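Data block below; observations after.
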Amino acid sequence: MIPVNMTGILGANRYRRKSDYNAGMARDLKEMTCVITGASAGIGAELAKQLSARGARLVLAARRADRLEQLNTELGGRHVCVVTDVAKREDCTRLIDQSIASLGRIDTLVCNAGYGLYERTALTTPDQMREIFATNVFGTTDCIAAGVPHLMRNTPRDGWRGQVMIVSSCVARRGVPFLGAYSATKSAQLSIAEALRVELAEHQIGVTSVHPIMTKTEFGQQAESRGQVALPKSQRDMFTQTVGHVVRCMVRAIERPRPEVWPSLGSRIGFALGGLMPGLIDRGMKRYYEQVVEANRSHQ
Ligand SMILES: NC(=O)c1ccc[n+]([C@@H]2O[C@H](COP(=O)([O-])OP(=O)(O)OC[C@H]3O[C@@H](n4cnc5c(N)ncnc54)[C@H](OP(=O)(O)O)[C@@H]3O)[C@@H](O)[C@H]2O)c1
């Protein structure tokens, strides 16, 4: 039996079975309808730009209305902005209802809204723990619960009724020091994606999880502002990729749905092996832990 976390490495990261999926045909992005949560910054905003350039019709969702409106203006004003706090279930339901009212159908639902928190796991307060799950996990599952029934009613377009894309992280496969709470939310998203993908296959709905490494967005700044730990610049810059690269990988997976997107091949292999050799990875993580502790001590 192939361990689940080896599927990507062994080349099984494709929808192959023609009986379940239209494996070969690319979906036409022109006039495709997409809902993007967390569209006011970072990965979500860049995704909106790249999809808009390809002719997709979008619903842009986040809490900061001014940022959404500014982005929409930049994109020619042809999209719809819905102010949404995904941590509130009623906002997720309203987002989906307004998207259906405006676009008529949803081809791809991108659950991207989320944040990080740099903090020791035992010092993460119960409130911080609940808050991060409310946004990263329940913000995802509430959008899925409201959205999937609509996707199921779609008539197939280019072989697919629709797609759910969940922006998780590389740390979904392995908890990382100072990101214990965050890693837990990203693992939860991955589990949801894996189960949902099999369940929705017969409905011709693709489910794709996305696993970036550190990406240059507002994420790091947000994560530092919420916890008591700062990453040294050397660590911040070591494993970084551009938002443009991450989003190009996502756009390809919207065109041709696939189970997982790992914009960094090295992280895909490393994190998969981590599942097989946890003790070895612990040793590497310990060195990282000590460097961060030392850097924070010298800044105090
Ligand atoms: N950057 C990285 O290193 C990295 C790596 C792996 C995975 N990711 C994942 O990628 C996703 C996007 O992150 P990013 O890097 O683009 O970070 P970012 O630049 O900080 O953007 C985060 C986006 O999420 C939105 N958001 C946060 N809380 C929200 C809430 N309660 N309701 C609605 N929207 C909310 C923010 O909008 P408002 O503040 O306006 O609501 C913003 O648009 C996250 O799920 C993150 O976990 C990021």
Side-chain angles (χ1 to χ4, degrees), residues 35-50 58-72 81-96 110-118 128 130-143 165-176 178-179 181-190 192-193 208-226 231 235-247 249-250 260-264 267-268 271:
V35 177
I36 306 172
T37 68
S40 63
I43 292 173
E46 177 63 21
L47 181 63
K49 287 176 194 169
Q50 291 194 22
L58 309 173
V59 169
L60 310 171
R63 292 165 302 181
R64 287 172 289 182
D66 54 335
R67 289 277 203 109
L68 293 178
E69 292 300 344
Q70 195 185 329
L71 175 63
N72 193 19
C81 301
V82 180
V83 176
T84 307
D85 180 348
V86 298
K88 297 179 179 158
R89 192 191 310 177
E90 61 278 15
D91 277 25
C92 296
T93 309
R94 189 172 44 81
L95 168 63
I96 299 299
V110 185
C111 300
N112 162 74
Y115 67 87
L117 162 70
Y118 294 148
Q128 284 175 317
R130 279 162 178 73
E131 280 162 19
I132 197 167
F133 269 79
T135 296
N136 294 6
V137 180
F138 303 132
T140 298
T141 54
D142 289 348
C143 286
M165 177 173 270
I166 299 177
V167 183
S168 172
S169 164
C170 61
V171 302
R173 290 251 188 258
R174 158 82 212 200
V176 170
F178 309 110
L179 279 175
Y182 175 73
S183 303
T185 66
K186 296 289 142 179
S187 295
Q189 285 182 307
L190 173 58
I192 296 287
T208 302
S209 58
V210 183
H211 303 274
I213 58 169
M214 200 173 285
T215 308
K216 286 179 193 153
T217 64
E218 295 169 20
F219 178 90
Q221 205 183 319
Q222 282 288 328
E224 278 188 0
S225 72
R226 290 168 188 272
L231 283 200
Q235 293 294 344
R236 248 185 276 143
D237 294 343
M238 196 183 310
F239 304 107
T240 309
Q241 55 194 354
T242 66
V243 70
H245 168 70
V246 173
V247 170
C249 297
M250 291 167 66
E260 296 183 5
V261 174
W262 287 78
S264 154
S267 74
R268 176 179 220 163
F271 279 91

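Indexing begins at 1, ligand by ligand and atom by atom, following the structure's order. If you're wondering where the values come from, they're calculated on a predicted model, not measured in any experiment.
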- Message: Just to be sure I read this right, does ligand 1 sit under 4.0 Å from the backbone of Lys186, its side chain, both, or neither, counting only heavy atoms?
- Response: side chain
- What's the shortest distance from atom 45 (O) of ligand 1 to any protein heavy atom, and which residue and atom give it? Asn112 O, 2.8 Å
- Query: What part of Ser168, side chain from CB on, backbone N/CA/C/O, both or neither, has a heavy atom under 4.0 Å from ligand 1?
  - Reply: backbone
- Message: Among all the protein's non-hydrogen atoms, which is closest to atom 19 (O) of ligand 1, and how far away is it?
- Response: Glu218 N, 3.1 Å
- Query: What is the nearest protein non-hydrogen atom to atom 21 (O) of ligand 1, stated with its residue, atom name and distance?
  - Reply: Ala41 CB, 3.8 Å
- Query: Contact between Asp91 and ligand 1, counting heavy atoms under 4.0 Å?
  - Reply: no
- Of the backbone atoms (N, CA, C, O) and the side-chain heavy atoms from C-beta on, which set of Ile43 has a member under 4.0 Å from an atom of ligand 1: side chain, backbone, both, or neither? both
- Message: Could you tell me if the side chain of Ile192 sits less than 4.5 Å from the side chain of Thr141, heavy atoms only?
- Response: yes
- Message: When you compare ligand 1 with Cys170, is there at least one nitrogen or oxygen pair between them that comes in under 3.5 angstrom?
- Response: no
- Given that the side chain starts at C-beta and the backbone is N, CA, C, O, which of these parts of Thr84 lies under 4.0 Å from ligand 1, counting heavy atoms, or is it both or neither? backbone
- Item | Numbered atoms and elements of ligand 1 in range of Tyr182, under 4.0 angstrom, heavy atoms | 6 (C), 7 (C), 8 (N), 9 (C), 46 (C), 47 (O)
- Query: Has Arg89 got more than 12 heavy atoms of other residues, nucleotides or ligands less than 6.0 Å from its CZ?
  - Reply: no
- Considering only protein heavy atoms, which is closest to atom 14 (P) of ligand 1, and at what distance to one decimal place? Thr217 OG1, 3.5 Å
- Protein contact to atom 35 (C) of ligand 1 [nearest heavy atom, distance to 0.1 Å]: Ala113 CB, 3.6 Å
- Note on the structure: Residue, atom and distance of the protein heavy atom nearest atom 37 (O) of ligand 1 read Ser40 OG, 2.8 Å
- So which bit of Ile213 gets within less than 4.0 Å of ligand 1, heavy atoms only: side chain, backbone, both or neither? backbone
- Task: For atom 28 (N) of ligand 1, find the nearest protein heavy atom and state the residue, atom name and distance (0.1 Å precision).
- Result: Arg63 NH2, 3.2 Å
- Applying a strict 4.0 Å limit to heavy atoms, is Met214 in contact with ligand 1? yes
- Message: Could you measure the distance from the CG atom of Asn136 to the NZ atom of Lys186? Nearest 0.5 Å is fine.
- Response: 4.5 Å
- Query: Between His211 and Trp262, how do the two ring planes meet: parallel, tilted or perpendicular, split at 30° and 60°?
  - Reply: parallel
- Evaluate whether atom CZ of Arg64 has more than 12 neighbouring non-hydrogen atoms of other residues, nucleotides or ligands under 6.0 angstrom away. yes
- Measure the distance from atom 6 (C) of ligand 1 to every protein heavy atom, then report the residue, atom name and distance (to 0.1 Å) of the closest one. Pro212 O, 3.4 Å
